[in-house]
Amino acid sequence: MKHTVVTIQNAKENKEKVTMLTAYDYSMAKLMDEAGIEMILVGDSLGMVMLGYEDTLSVTMEDMIHHTRAVSRGAKQAFVVADMPFMSYQASVYDAVCNAGRLVKEGRAEAVKLEGGREFAGHIRAITEASIPVVAHLGLTPQSLHAFGGFKVQGKSEEAARKLLEDAKIIEEAGAVAVVLECVPAKLAELVSKKLRIPTIGIGAGAGCDGQVLVYQDMLAMFGGFKPKFVKCFADVGACMKEAFQAYMDEVKAGTFPAEEHTFKIDDDIIGKLY
Ligand code: KIV
């Protein structure tokens, strides 16, 4: 079954949880698609996990289009959402619509995601009016890293929690089809999920959300170093890959790979004539 804005909305109405994972290339998207993951996010987290930047701020429209196009080719059933990178929408509504259009037209995304609340309601409305579904992103919005003064849980004070709840209602009114809630206290995320008609997709926002998203390198322990509290390792693929790389290295050095079954044959008479 092909997942769309309609099936995702139906899932919320039927109280079925929605699953989303990030992917940045064809083969990973294909694996997730075959596993039945409903939504694939080509996150601008690709700047960190694929390109090795310290944050997401340097990611370009060209980076996003390149990776989204690869993911879209691998995702036959999953609904593909592409992140709008930093400064591809903040400066004007015109930029927002043009760049959202490029992600759909050139990247073959089926929806775009942008970070922020009421200040981007006009942008969300205009992109939606251009027939491009928008997923919003509230709470910890990594493109605002410097404005927040670091990666911190958001919405903890009464004022901040009230603002987040209001922002969620405003972006829903503006036409967002879903909202990612990142690093928000679980009880606040649950309340937002109850108050909204559209699905909430949580990351570090507890089980009360309508769906969950994780960065795949985090859930497969492929991205060493810092592990956020909300990440669960579902398989230690990082360790497994390192073991395989070492086994390959050992066999090449020992001359046991490639073996007979990995080689192509030629008639000995032909070889003899070449000596
Ligand atoms: O860029 C990304 O991967 C994201 C998720 C963390 C939601 O925005």
Side-chain angles (χ1 to χ4, degrees), residues 1-11 18-51 53 56 58-90 93-116 120 123-137 142-143 171 174-180 198-199 201 203 211 213-217:
M1 179 179 89
K2 175 66 192 154
H3 295 287
T4 64
V5 281
V6 176
T7 63
I8 305 299
Q9 183 60 43
N10 287 345
V18 175
T19 54
M20 181 190 235
L21 282 173
T22 65
Y24 316 97
D25 65 23
Y26 170 79
S27 55
M28 195 54 74
K30 190 163 179 289
L31 282 173
M32 289 172 189
D33 199 65
E34 288 167 1
I37 295 294
E38 290 119 335
M39 297 176 83
I40 294 182
L41 171 66
V42 190
D44 61 353
S45 51
L46 74 83
M48 298 167 82
V49 296
M50 300 299 286
L51 305 178
Y53 299 140
T56 59
S58 303
V59 175
T60 65
M61 275 300 294
E62 270 54 46
D63 293 332
M64 291 308 305
I65 290 168
H66 176 76
H67 287 270
T68 303
R69 206 185 290 132
V71 167
S72 300
R73 285 194 287 261
K76 301 283 178 245
Q77 317 283 327
F79 184 62
V80 177
V81 181
D83 257 342
M84 300 200 68
F86 181 56
M87 290 319 292
S88 68
Y89 59 95
Q90 283 90 341
V93 170
Y94 177 82
D95 279 357
V97 176
C98 291
N99 284 321
R102 288 192 67 198
L103 287 167
V104 172
K105 193 167 185 163
E106 300 173 48
R108 307 295 303 174
E110 292 158 326
V112 298
K113 175 166 83 59
L114 59 80
E115 298 181 5
F120 294 111
H123 302 56
I124 294 172
R125 187 169 292 109
I127 299 171
T128 304
E129 280 169 2
S131 301
I132 299 171
V134 181
V135 175
H137 185 154
Q143 292 176 13
I171 57 95
V177 296
V179 56
V180 167
I198 57 171
I201 302 173
I203 175 164
V213 56
L214 282 176
V215 170
Y216 85 78
Q217 283 90 344

Legend entry - Full working for side-chain contact (heavy atoms from CB on, under 4.5 Å) between Val49 and Val215: CA-CA 9 Å; Val49 296; Val215 170; 4.1 Å; yes
Inset, instruction - Before giving the answer on side-chain contact (heavy atoms from CB on, under 4.5 Å), spell out for Val42 and Met64 the whole-Å C-alpha distance, their side-chain angles and the decisive distance to 0.1 Å. - result: CA-CA 8 Å; Val42 190; Met64 291 308 305; 4.0 Å; yes
Legend entry - Trace of the side-chain contact (heavy atoms from CB on, under 4.5 Å) decision for Met39 with Ile201: CA-CA 10 Å; Met39 297 176 83; Ile201 302 173; 3.7 Å; yes
Legend entry - side-chain contact (heavy atoms from CB on, under 4.5 Å) assessment of Val5 paired with Phe79: CA-CA 8 Å; Val5 281; Phe79 184 62; 3.7 Å; yes
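Minimum heavy-atom separation, Asp44 to Pro85: OD2-CA, 4.5 Å. The shortest non-hydrogen separation linking Val93 to Ala126 is CG1-CB, 3.4 Å. The shortest non-hydrogen separation linking Ala29 to Ile40 is O-CD1, 3.7 Å. Residues Glu110 and Ala78 approach most closely at OE1-O, 3.6 Å, considering heavy atoms. Across all their heavy atoms, Ile171 and Gly116 have their closest contact at CG2-O, 4.1 Å. Listed here is the closest heavy atom pair of Ala176 and Ile198: O-CG2, 3.4 Å.
A donor and an acceptor atom, one from each side chain of Asp63 and Thr60, are located under 3.5 Å apart.
At a threshold of 4.5 Å between non-hydrogen side-chain atoms, the residues Val18 and His3 do not count as touching. Annotation: side chain of Glu115 is in contact with side chain of Tyr89 (closest heavy-atom distance under 4.5 Å). Counting only heavy atoms from C-beta outward, the side chains of Phe86 and Val59 never approach each other to under 4.5 Å. Contact check for Met61 versus Leu103: side-chain heavy atoms found under the 4.5 Å cut-off. The side-chain heavy atoms of Thr56 and Gln143, taken from C-beta on, include a pair separated by under 4.5 Å. Counting only heavy atoms from C-beta outward, the side chains of Met20 and Val81 approach each other to under 4.5 Å.
Listed by chain and number, the residues in a side-chain hydrogen bond (donor to acceptor under 3.5 Å, both in side chains) with Arg102 are Glu62, Glu106 (sequence neighbours excluded). For Gln217, the side-chain hydrogen bond (donor to acceptor under 3.5 Å, both in side chains) criterion is met by no residue, not counting sequence neighbours. Considering only residues two or more places apart in sequence or on other chains, Ala100 meets the side-chain contact (heavy atoms from CB on, under 4.5 Å) condition with Met84, Val112, Ile127, Ile132. Applying the ring-ring contact (aromatic ring centres under 6.0 Å, His included) test to Tyr216 and every residue at least two apart in sequence or in another chain returns Tyr24.
Annotation: Lys105, atom NZ; neighbour count of heavy atoms from other residues, nucleotides and ligands within 6.0 Å does not exceed 12. Summarising the local packing, CZ of Arg108 is surrounded by 12 or fewer heavy atoms from other residues, nucleotides or ligands at distances under 6.0 Å.
In this structure, CZ on Arg73 lies 9.0 Å from OH on Tyr26, to the nearest 0.5 angstrom. Rounded to the nearest 0.5 Å, atoms CD1 (Ile203) and NE2 (His137) are 7.5 Å apart. To the nearest 0.5 Å, atoms CG (Asp95) and CE (Met87) are separated by 7.5 Å. Rounding to the nearest 0.5 Å places CG of Leu46 at 9.5 Å from NE2 of His66. Considering OG1 of Thr4 and CD of Glu38, their distance stands at 11.5 Å, rounded to 0.5 Å. Between the CE atom of Met32 and the OG1 atom of Thr19 there is a distance of 10.5 Å, given to the nearest 0.5 Å.
Side chain of Ser72 to main chain of Gly107: a donor-acceptor pair is present (N/O by atom type, distance under 3.5 Å, no hydrogens or angles).
Residue pairs meeting the salt bridge (Lys or Arg N to Asp or Glu O under 4.0 Å) criterion with at least one member in residues 77-87, sequence neighbours excluded, are Asp83-Lys113. Each salt bridge (Lys or Arg N to Asp or Glu O under 4.0 Å) pair with one or both residues in residues 20-37, not counting sequence neighbours, appears once here: Lys30-Glu34.
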